[in-house]
Every structure is written in C-alpha cells, then in structure tokens.
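It should be emphasised that the depicted structure is a prediction, and the values quoted were computed from it without experimental measurement. Labels below follow one simple rule: chain letters A, B, ... track the order of the sequence lines, proteins then strands, and each chain is numbered from 1.
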Amino acid sequence: MPQSLALAAMATRFELVLDDEARAAGESALEAIADVERRLSRFRRDSVVARLAEPRRHGPARSVVLTRDEVALVELCRRACARSDGAFDPALGEPPFASWRVDRKARRLFAPRDGTRLDFGGVGKGYALDLAARELCAAGVARALIHGGTSSVTALGSPPGAAAWKVALRDPVEPERAIATVLLRDAALSVSAPHGRVRIVEGRARGHVVDPRDGTPVERARLAAVVARHGAVAEVWSTALLVLAERRLRRGAALDARALRLPPSISALVAFERGGSLQVELFGRRAALFSVVPRALALVESSR
Amino acid sequence: MKRPDRREFLQQMAGSLAAIALAPETLPLPPRRRGAQVPVAVVGCGKQGKQMLTELQKLEAVRIAAVSDLREDRQKAALRRAAGAAAFGDAHALLEQAKEVEALFVATPTHLHRQVVVDALAAGKHVYCEAPLAASLDDLRAIAAAAKGAKGLLHVGHHLRSSPVYQLARTFLRSGAIRDVTMLRANWHQKTSWRAPTDDVESNWRLARKNGCGLPVEVGSHQIDVVTWYLDLLPTSVRGNGAIAAWNDGRDVPDTVSASLAYPRGLRLNWDATLTSSYERQHELFVGSMGTIRMAETFGWMFKEADAPTQGWEVYASREKFHDEEGITLIADATKLAAQGKLKEGIGLPNPPLYYGLEDFVKSVVEGKPVACGVADGFRSAAIALRTQEAIDSGRELEIGAHLLKGE
C-alpha cells in the first residue's frame, strides 16, 4: 500500500508518496529537505544565506563554508546564470551571481561586497528534492514520488504496473484543465509560471517572476516546464526558460532551442501568448516525454 | 515555592558530588597556542554527527582532520561536509592513526559513548560528548572515573546551557523576574518513527530497550538538565508511565511517555514526550507567582502577571501574541540591538543550539574558558533521566537518592 508523508518547509508543502515499508526512508528524505531549509532559507537567521548577508563593520565582505553538495549547487547556479545571460540569477541586485567567487578547494563562497543577498528559493526546492531522492536511493527505495508545492517533482522508478509516473501540467489560462502531461521515471520536473502569485501594480495584475537583469515582469511567457535528471537543474532552467522566452517574445523573435541556449541535457515545454492565443513549444531530445493535451493542442493549431 | 536556597542545595549535594565537582574541567587551563587551527575528529556520522560537521565548519578555530563511522556510506556522507578529512571505520583506528587530532566530538549511539570517551580521554584528547552522557549508571561511572585526572577536557553536549537565549532567561529567572517558581512543565513532541531507514539492527538502537535508551534519556535528559541548571535543584523522586501508542512495529521502547519529578518544597516538573505528534514541539515552562518563562529551543518569552511590577526596559520590548497571552520576547543582546533600532532582528538565534555548545567547547580548548557543561552536570542529568526511565518501566514512584547521582 502506498502512503504519503508531508513536511511544511520553504514556505510550501513537500509531499512524498512511497511504499508502506519505506516509511523510515521517507522520514530521512524529509529530514534532508528540512536540513536544506535550515541551510539555505533567507528567512532563517541561522542559514548560510543569512550569514553571508550579515553586514560586517570591518574587513572584507563575508564568506561562508559550504558542504560539497552546496558547492555543486553554487557552481550549477553560476554556470546557469552565465549561460542564460542572467535570466536565472539567485543574487538579488548587482553583481550577477556568475561573477561571485568560489574557492572550490576550501569550499568557500565569497560575497562580492558587504550586504549582498542571495535567494535560492526555487532552485533550493529542486536541490532539496535531489538530496531527498538520494536518501531514498541510499535506503534502497526503488519507487517514490516527491513534490514541493506541486511545482517541483522528482520521480524514482515508476508506480506498480506503469512504465513511468504521469504528471499533469495545469493550464496557465484555465487552471482547472491540464495543458499537458509528462512522463517521469528517475527524473525531475520543475514548472515555473508567473501566475502563481500575482500582485496588482497600477491596476494591472503582475506575476511574481521578473527578469533579474532589468526587473521587467514576465507576462507573455505563461509557463515553462523542464525535465532533467536532477531537480536543481530542472529548477534553474525552468526559471531561466521563462525569462529567456519572455525576452524573445517581447522582441517578436522565434523560440528555438539554439537561440534560447538551453543545455542539451534538459527537455522542456513552454506555453506562451502570441496574437491573443496560447501556444506551446517543446524542446530537447526527450521532448516526447511531454504530451500536449488535445484541447490545448487544438488551441495551438487554431492559433497558427 | 521560595527561590532555591543555595545552602540547602549544597547540603543536598555534599559528599555525593564532591569528587566530580572538583574534576579537572572546572579548573582554568593554560591558553592554547593562538592562531593555529585545532585538528579535531567527529566520531559517529549519523544524523547528529552530520549536524556537528555542519556547525563545526563555522568555527574558524578548528579543522576537521578525521571522521569515523562503522558504515562506509556514512563516512562518505561525512566527507561531503568535511573537506580533506581522513575517514576511519571506528574510533579505535582513528585514535591509533590520526595522532594529530587533539579533540574528539562523539556522536555515536548513546550506549557506545563509554568506550569512545574512555579511550579518547586515556589517549589525552579533549572530548565533546553528545548528551545524554551514557545509557547506564555503570557507563556513567566509568566515564566519570576516566575524566577524573584526565589530561583532556570532557564537555557534555547539553547545548542549551550554551544558548544565549537560555542564558538570558536563566538570568531573568534567577534575578527574581517571575518571583517564586511554583510549577514546571516541559514537553518534546515530534511525529517520527525514530527508525533508521535500514534493516541493520544496530542502526535502530533507539528502538531497543536493551540499549538503555528511550525518550526520557534521549530527549528528556536535555530538559531535565535545563531545570537543574536554572534552579540549582535536584529531584527527589519520580513517577511516570509510557506506552506504545502508535508505532507498534516490533519495538519495545514506548513512543509516548509522561513523568512527574518531585523537587524539594513541593515543586514538580511534569514532562511528556511523544513520537506520534509534532504539536507544541519542544518547550520548557517555568511558572512563577509573578510571571512565566517559556523556552523553545532558539526562542524564549516571558509572560507577566497583571500585578507584576513594571520595569523600564519593557517599554521597548518586542512582544508576541499567543491566543489570550502576550509574551515579551527574550532577546540576547537586546540593549545593544535596541540602541541600533534592530531589536526585531534579534528574535531567535543566528545559529542552531548545537552550534553554541560546540563553540563553548572549542573556547575551552583554545582559550581555557571553563567548561559549560562538565562531567558532573552530564552525569546528574543522565542519571535522573535513567531513573525516570526506570520509573516508567516499573510503573512505581522511585526515589532519586543522592547515591544515584554519585560520580564514583
């Protein structure tokens, strides 16, 4: 019998579905998630991120010692920041994270100046799922599904009698419908969309995703879903893809994988508004993992 | 109840504790060479060992030179946190081969503390041993004997003693802020199976009664220690009960327990713990005739009675609502923070409680600072917790005689 465990962390709810006998492994996985929150949350006084942001009266800006996993996360973020031309950037304000210094040998991250802040919000969720999945694998768990706030999902193995876990992506325009389904097996999915949280600016609804480079809100790109081997990679690129797509849509340019500079290891879906209708594009070698739901497809076809 | 009478307390403890009260860790040490990092090792790299490694990395004065664990996967996981450390299969090999190591942090299962601590002290190392200090009176006595006359220090990891918030609240309580302490309450609630994700029996040591542990020892000892430290009082008897209320999975350790410890002059500590619910998590409550102090790991509050005298500083205090009550948040360095207009930023602590315990120990090693929680304190808290466990198992009220708390 499958069972589910849950944890409130990172301002969301993590849920884990696994076989009954694997409960202890599930608890270890949730502990790994809680540990990531303790280490990376910018809302906790005792996190690495808070420590790095503490102003210092004298001497150089702060640096912090990281675990080997955190060094890998930081390296991933720096590379993605550079490759996406700042479309993904966990640094709040200048300079971009790609230019932050890391001493890999000493496992130390240096703040470029006093008081600079980091936000590992989204990527932190994917990274937490990676560490949780590692705990499960180490305990010999062959099948499980973990999600953080439903927008970050990691699948181990497949459910009984199926080749993969089938996850539906909510339509950004009509949320009661699915825009597509995606098959996951030993893979991670991340979904970014500006419609999750909305604030009203000058009478206009604006989503919570902005281009880190210039603060432009993402409006035309409505949803980006990325499948990758690791949750952190999926998170980084779903955020970057949403912003990169928005940049091109604003210029009236076509969305193609080469121009978007997506890494070859990921597969992705982007839903966007063009000419008043919702369109969908798929990218990557394993784009067939996504099946666009027929009604949505019809919408795309009718708009073309 | 009146405030603890120091003379009475000393009389009660006289003789029984004299030997361990004079253990070397209470004596000032010559300062260690400054500047150089102390090579240290972590023994036992399970959940607690991993947390230790994480917190130790924040301390500039130490370098993690070695780790040890019986399990290779845990060694590997430890090395992910400790760059450049050497890994060993057990503490014996570590002590034999990693000669440069000056201090050991012991985070093995509680019933294995004795061997590691005794060997490490015999090898002249400084030792930080996770609390509870041991899982049986025999082991406690062996450790206390090893600490007596040892060259190295022994610090017991009742880390709440090192927490700036707990220290602040203790100062308030002892200065009479809540006047006469009349009632004590503590709880530890967590929804967890307490099971390690492996079939390996040794890894699930907490679930077997033969290992001497259970909720009173594993978690209660920390809270009992806070009461002893705050009030300078020791319990005289204990009664309690326990049951397997939810985790009926073959374990013989109760998952839900409660106990009532009697202190002098009618004061009682009512304590409960469960693995079935996370409601209220961890709290220690000191109820007094003019107010109540409530502690919760990195937070502390004081709730004043309406007739309590007003003090000037309260005007600037940060407050928090709990249903009908309003708590004054206890903030370490509040005066300084208030002067900078940053009082709110001081709520909670910038590090987890464990960090402060490790930091205190490192300061003892490097600077000669007196040990924050020595063998005498660790002995007493573990012995009281063991007796609590015994009372729960037997279903009888048991005396806690001074002889039980003897260190030799």
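- Ranked by non-hydrogen atom pairs under 4.5 Å with chain A, the options B:D249, B:T298, B:L79 are led by B:L79.
- Heavy atoms closer than 4.5 Å to chain A are found in the side chain of B:E60, but not in its backbone.
- Side-chain contact check for B:H189 and B:E280: no donor-acceptor pair (N or O, by modelled atom type) lies under 3.5 Å.
- Interface remark: B:T198 contributes no atoms to any contact with chain A (heavy atom separation under 4.5 Å).
- Proximity to chain A involves both the backbone and the side chain of B:N351, based on heavy atoms less than 4.5 angstrom apart.
- For a residue to count as touching a neighbouring chain, one of its non-hydrogen atoms must lie under 4.5 Å from one of that chain's; by this rule A:R134 touches chain B with the side chain only.
- Looking at A:R104, neither its backbone nor its side chain comes within 4.5 Å of chain B, counting heavy atoms on both sides.
- The part of A:L66 that comes within reach of chain B is its backbone (N, CA, C, O), which places non-hydrogen atoms under 4.5 angstrom from that chain.
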Exercise. ring-ring contact (aromatic ring centres under 6.0 Å, His included) between B:H159 and B:H222: does it pass, once the steps are laid out?
Worked result: CA-CA 8 Å; B:H159 45 246; B:H222 286 281; 5.4 Å; yes
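- Of the two parts of B:A82, only the backbone, made up of N, CA, C and O, holds a non-hydrogen atom closer than 4.5 Å to a non-hydrogen atom of chain A.
- Residue with the most contacts toward chain B among A:E70, A:E54, A:R39: A:R39 (heavy-atom pairs, distance under 4.5 Å).
- A donor-acceptor distance shorter than 3.5 angstrom exists from the side chain of A:D103 to the backbone of A:K105, with no hydrogens or angles considered.
- Note: B:Y128 and B:F105 have tilted aromatic rings, judged against thresholds of 30 and 60 degrees for the angle between ring planes.
- A 4.5 Å side-chain heavy-atom check between A:R143 and A:P160 finds at least one atom pair inside the cut-off.
- Residues B:K50 and B:C45 come closest through the heavy atom pair CG-O, 3.9 Å.
- Ring-plane geometry between B:W188 and B:W194 is classed as tilted, the angle between the planes lying from 30 to 60 degrees on a 0 to 90 degree scale.
- Only the side chain of B:K47 comes within less than 4.5 Å of a heavy atom of chain A; its backbone N, CA, C and O stay farther away.
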